[in-house]
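Read the structure below first, then the notes.
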Amino acid sequence: MACENILSEECLSLAKSLVESIENKDREKADQILEQLKKKEESLLLQEIGKLTRDLHTALNGFSLDSQLSELAEEDFSDARERLHYVISLTDQAANTTLNSVEEAVPLCDQLHSRVREIKSSWDRFLSRDMCAEEFREFSRQLESCLKEWEGDVVSIKQYLNEILLAQDFQDLTGQVLHRVIELVENLETSLVGLIRVAGKKEKGTSKQNKENNSDIEATGPRVPGVDKWKTVSGQDEVDDLLSSLGF
Amino acid sequence: MKILIVDDFSTMRRIIKNLLRDLGFNNTSEADDGNTALPMLQNGSFDFLVTDWNMPGMTGIDLLRAVRADENLSHMPVLMVTAEQKREQIVEAAQAGVNGYIIKPFTAQTLKEKLDKIFERVG
C-alpha cells in the first residue's frame, strides 16, 4: 500500500490548483482545495496513529514470550529454590548420619585397641613364663570376658559402617534433583535468548515451550517434598501393598 | 549367583554392591544404563538383575521390557531399585514383569527382604 504523504503527486496537483485558483481570484475553489488538503493532513495523522497501534500490537505479541519468562521467574524459580533446599537437607542428613556413626565407632575402636594392648602385654608375660598360676587364672577370666565384649563391638562397628554406606545414597538422589534444576536453567536461557532476539528485532521471536512432557510413567527422579505435586506412594510399605494387590 | 547392578550413579552401584556382598553375593558386575547392560546380560551368564529406572540412554523400564522380550533372558528375576514412586510407574513396572520394586532411599533390611522373597518364588 503506497503511503500517502504531503509530497505525493496528488498533493502536488492540489497545490498547483490552489495557486491557480488564487491567481484566478477564485475564492470558492481555493477554499475547497484548502479543505481537501486539510482532510489529507488529518488522514495522514490517522494513518500514523494506525501504524503506531500496529507496532504496539506486534510488540505486545512479541512479548508473549515474556509471559513464559514470568512463568519461569514466578513458578520455576521458586520450584528450583525448593529443589536446591531439598538438596541441602539431603546432604545435611547424609553428613550428620555419617558423622554420628563415625563418632560412635571411633571410641569403640579406641577401647578395643587399648584392651588388645592390655591382653597382649599379659600374653607376652605368659609366653615368657613370667606369670604365676593365680595370675594366669585371672588372665584367663579377663580374656574370656574380652572375647565376648569384642564380638559385640565388632558387630556394632560393622553396623556403623553400614549406616555410613547407606548414607551415601544422597549423591544419587541429589544428583537427580540437580539435573532437573540444570534443565530449568537451560529453559530460562532459551527463553532469554528468544526475548533478546525479539527485542533486537533481528528475528521473529518464536516461543518454544520446553515444558517437560509429564506423561504418567516418565522418569522424574526423586519427588521433592513441597515442590512436586504428582501423586506418589508414601513409602516402601505402600509399594508392597500396591504390588500385592496386583498379585505379587 | 552372578548379579548385574545397573544405575547411572556410581555411588549407588557401590552401595548396592556392598550391601549385596554383605548378604553373601560376591559375584557382581556393574553397568551405567540399559544400553550397556543389555549386551552384558546377553553375553554373560547373569542370574539376577538389579536396576534403577531413571537413567540416560536406555531407562530401567525399557531394559526390563528388553529382558522380558529376549527369549534367553525372559525368565531372569529383575529387582528395580529406584526413586520413581508414582503409582502409575509401579503398576507399569509390574505389568512389564518386574519381580520386586524398592524405592530409594532404602535400607539394607528392605533389600534383604525383597531378595529373599524373590528367591522364594523363583527358586
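Among the residues in residues 113-128 of chain A, none has a non-hydrogen atom closer than 4.5 angstrom to a non-hydrogen atom of chain B. Identified by a heavy-atom distance below 4.5 Å to chain B, the contributing residues of residues 133-163 of chain A are A:Lys158, A:Asn162, in residue-number order. At a heavy-atom cut-off of under 4.5 Å, chain B is reached by A:Leu166, A:Gln168, A:Asp169, A:Gln171, A:Asp172, A:Leu173, A:Gly175, A:Gln176 from residues 166-177 of chain A, listed in order of number.
Using a 4.5 Å cut-off between heavy atoms, B:Leu19 contacts chain A through both its backbone and its side chain. Only the side chain of A:Leu243 comes within contact range of chain B, with heavy atoms under 4.5 Å apart. Residue B:Asn99 touches chain A through its backbone alone, counting heavy-atom pairs closer than 4.5 Å. For B:Thr110, the part lying near chain A is the side chain, with the backbone staying farther off; criterion is any non-hydrogen pair under 4.5 Å.
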Notebook entry, point to check: Should A:Asp240 and B:Lys114 be marked as a salt bridge (charged side-chain N to carboxylate O under 4.0 Å, His left out) after you check the CA-CA gap, both sets of side-chain angles, and the distance that decides it?
Noted result: CA-CA 10 Å; A:Asp240 296 347; B:Lys114 301 308 157 201; 2.8 Å; yes
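In this structure a side-chain-to-backbone donor-acceptor pair under 3.5 Å is present from A:Gln236 to B:Tyr101. Formation of a donor-acceptor pair under 3.5 Å by the B:Gln89 side chain with backbone atoms of A:Glu218 is found in this model.
Shown here is B:Arg14, whose CZ atom has no more than 12 heavy atoms of other residues, nucleotides or ligands within 6.0 Å. Applying the 6.0 Å contact sphere to NZ of A:Lys51 captures no more than 12 heavy atoms from other residues, nucleotides or ligands. Heavy-atom neighbours of B:Lys17 NZ from other residues, nucleotides or ligands within 6.0 Å: at or below the threshold of 12.
For the atom pair CG of B:Asp8 and NE2 of A:His179, the computed distance is 7.0 Å after rounding to the nearest 0.5 Å. Here CD of B:Glu92 is found 9.5 Å from CG of A:Asp216. Values are rounded to the nearest 0.5 Å. In this structure, CG in B:Asn18 is found 5.0 Å from CG in A:Leu165, a value given to the nearest 0.5 Å. Atom CD1 of residue A:Ile164 and atom CD1 of residue B:Ile15 lie 12.0 Å apart, to the nearest 0.5 angstrom.
Using a 4.5 Å cut-off on side-chain heavy atoms (C-beta onward), B:Gln85 and A:Val239 make no contact. Using a 4.5 Å heavy-atom cutoff, the side chains of A:Thr220 and B:Lys86 are in contact.
For B:Lys112, the salt bridge (charged side-chain N to carboxylate O under 4.0 Å, His left out) test picks out B:Asp116, with sequence neighbours left out.
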